[in-house]
Amino acid sequence: MATTSSPVRVRFAPSPTGFFHIGSARTALFNWLYAKHTGGTFVLRVEDTDKERNTEEALRVLFEGMRWLGLDWDEGPEAGGNYGPYFQSQRADVYDNYLEKLKATGRVYEQDGALYFKVSGEPQVIEDAVRGRVERLEEKDFVIYRSNGTPVFHFVNVVDDIAMKITHVIRGEDHLSNTSKHVELFKALGAEVPVFAHIPLILKSNGPGKMSKRDEGALIEDYQKRSFLPDALRNYLCLLGWSPKEDREILPVGEIIELFELSDINKNNARFDEQKLAHINAEYVRQLPIETLAWHARPVLTEAGLMAEDASEDFLHAVLSISQEKMRGLDSLPEFLGYFFTDDYAEDAKVREKIFKKGDPCARVQEALMALESLEDFSEASLEACLQGVAEASGEKIGSYLLPLRFAVSGVGVGPSFYSVLRVLGKDIVIRRLQRFIQAGG
RNA sequence: CUCCCGUUCGUCUAGCCAGGUCCAGGACACUGGAUUUUCAUUCCAGUAACAGGGGUUCGAAUCCCCUACGGGAGACCA
């Protein structure tokens with residue numbers, strides 16, 4: 001494997017489009033991981049040569065997305081560094097200087113007002129850390145400066161990598177075919193060719209082709225809005241094209257950094273699987289310390305209009321601590337726990353149907369209501385004993401009481417351990433809801 | 001059409017470089033069962049893959065070739 005003795009410098013060079021695509025995020029992540037792994041430098045360079053795209057909003061989406069994922073950059077916009085500016089739109093003089101260098105080799109010529117680079121005609125060897133040795137012949141001369149005087153991607157990309165002393169170019173496989181152009185340019189400019197690592201693409205979950213902005217789940221900002229945990233998304237993204245091996249999948253980022261090697265990156269494209277992402281996200285949610293969970297859950301609940309802004313932290317903790325082990329994503333919290341915070345919660349029609357199929361739920365709720373009204377101690381053990389007694393008194397299984405009662409009290413058929421639900425809800429609310437259920441005739 | 005890359009369960013992958021311990025391991029999803037308290041948790045079990053064909057070899061998921069299929073690139077976009 002080709003290596004350089006100089007310290008590792010990698011870069012993520014996005015074009016601000018107004019979206020932060022999941023594939024771009026994964027490319028940024030792999031660069032970041034490699035920089036961390038090697039103790040190198042992670043550079044963020046904004047490729048905004050395509051005029052209109054460079055809006056404030058587009059940059060905000062990009063920067064916020066990266067920071068949310070924890071992908072901090074050592075050099076770049078808002079971070080500084082010795083190789084700036086880090087916006088290509090501000091580097092015109094750099095490009096002009098390198099153009100002069102290239103002209104001096106006699107391999108630049110003008111046609112129709114555009115500047116062309118004359119290719120060598122020799123097959124170019126790409127030493128790729130992921131794919132091994134790849135050979136490709138660049139057959140046609142190509143444009144490096146448009147007739148309007150602005151340089152094109154292939155030129156600025158290579159010039160910046162040289163000027164910024166980039167040692168490893170980690171990017172999507174869609175650039176592999178372009179690399180023969182880039183190698184020609186590196187050589188013509190007398191620069192050392194960096195190590196390339198072309199990582200597999202992320203394909204859409206159904207249908208052909210790579211994931212595009214329009215596909216479901218393709219944008220990082222969607223996951224931010226849906227309150228996914230960034231650590232979870234990042235962990236999932238690591239698994240797309242790379243593996244920690246030893247049958248492990250969920251692991252702290254520190255360990256991933258330690259294990260991450262370019263040579264372990266897969267060659268074949270990966271298909272995006274939202275279900276697996278959801279599973280990993282849920283695992284992370286369930287492992288959160290209760291304070292952190294509350295910190296994440298509060299805005300989700302208040303924005304859904306279920307919980308008052310100044311709602312008690314203690315009550316929130318109580319609700320979360322009995323629910324956490326059964327939680328899925330944070331975005332499902334309003335549906336899963338809404339009834340703890342409001343009387344005006346949605347009912348699950350299927351569960352309603354189900355409880356009426358098996359006997360008279362009102363009668364059972366009535367029996368339980370009478371027993372609970374006179375129960376002073378609303379602890380789990382006491383509640384269980386009480387309801388057990390109700391069931392035994394009428395010669396029934398406790399199971400036939402639980403679903404009607406849960407529905408009467410929460411409108412749904414699933415949730416935390418039922419006795420815990422009753423305890424946290426408290427006697428007043430429980431009694432009130434059971435009465436309401438009976439009065440409404442179910 | 002040309003060039004480049006790839007191909008292990010439905011999906012993500014381990015194994016491949018250093019051929020035998022792989023009638024192929026894990027995870028998600030799915031199915032069934034358990035926790036005699038429902039349930040989105042937990043536990044157990046099950047279904048399910050080396051693209052096809054030719055070599056090389058005592059022996060190939062692992063090495064070589066061909067075909068098929070998939071992906072990417074082929075802009076005065078990035």
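In what follows, chains are A, B, ... by sequence order, proteins preceding strands, each numbered from 1.
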Have a look at [X] and say if it touches a base, only the backbone sugar-phosphate, or nothing, with a 4.0 Å heavy-atom cut-off.
X: A:Gly209; answer: sugar-phosphate
X: A:Ser243; answer: sugar-phosphate
X: A:Asp174; answer: sugar-phosphate

Nearest-nucleotide pick for [X], side chain only, options being [options]:
X: A:Leu201; options: B:rA73, B:rG71, B:rC76; value: B:rG71
X: A:Leu203; options: B:rC76, B:rG71, B:rC4; value: B:rG71
X: A:Lys140; options: B:rA75, B:rC12, B:rA29; value: B:rA75

Nearest-Å distance for atom pair CD/P, residues A:Glu173 and B:rG74: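 Between P of B:rG74 and CD of A:Glu173: 13 Å.
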Whole-Å distance between B:rC28 C1' and A:Asn206 CG?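 Between C1' of B:rC28 and CG of A:Asn206: 16 Å.
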Assess, by modelled atom type and distance only, whether the side chains of A:Tyr223 and A:Asn281 contain a donor and an acceptor separated by less than 3.5 Å.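 No, because no side-chain N or O of A:Tyr223 sits under 3.5 Å from a partner of the opposite role on A:Asn281.
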Going 5' to 3' through nucleotides 37-42 of chain B and flagging B where a protein heavy-atom sits under 4.0 Å of the base, S where only the sugar-phosphate is that close, and - otherwise, we get BBBBSS
Partner lookup for B:rU57, please. Criteria are Watson-Crick or G-U wobble with both distances under 3.5 angstrom; report none if nothing qualifies.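 The base-pairing partner of B:rU57, which may sit in any strand shown, does not exist here.
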Taking any strand in view, what nucleotide pairs with B:rA73 in a Watson-Crick or G-U wobble way, both distances under 3.5 Å?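 Its partner is B:rU2.
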Shortest non-hydrogen contact from A:Tyr339 toward A:Pro416: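 Smallest heavy-atom distance, with atoms named: OH-CD, 3.6 Å.
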Excluding sequence neighbours, so at least two apart, what forms salt bridge (charged side-chain N to carboxylate O under 4.0 Å, His left out) with A:Glu255?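 Salt bridge (charged side-chain N to carboxylate O under 4.0 Å, His left out) check on A:Glu255 returns A:Arg248.
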Taking A:Asp160 as the fixed residue, which of A:Tyr83, A:Tyr86, A:Tyr95 is the one that meets the side chain to side chain donor-acceptor pair (under 3.5 Å) rule?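 Exactly one option meets the side chain to side chain donor-acceptor pair (under 3.5 Å) with A:Asp160, and it is A:Tyr95.
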Just one of A:Arg131, A:Arg26, A:Lys267 clears the salt bridge (Lys or Arg N to Asp or Glu O under 4.0 Å) bar with A:Glu173, so which one?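 With A:Glu173 as partner, salt bridge (Lys or Arg N to Asp or Glu O under 4.0 Å) holds for just one option, A:Arg131.
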Distance test, side-chain N/O of A:Arg136 to OP1/OP2 of B:rG74, below 4.0 Å: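 Indeed not, no polar side-chain atom of A:Arg136 lies that close.
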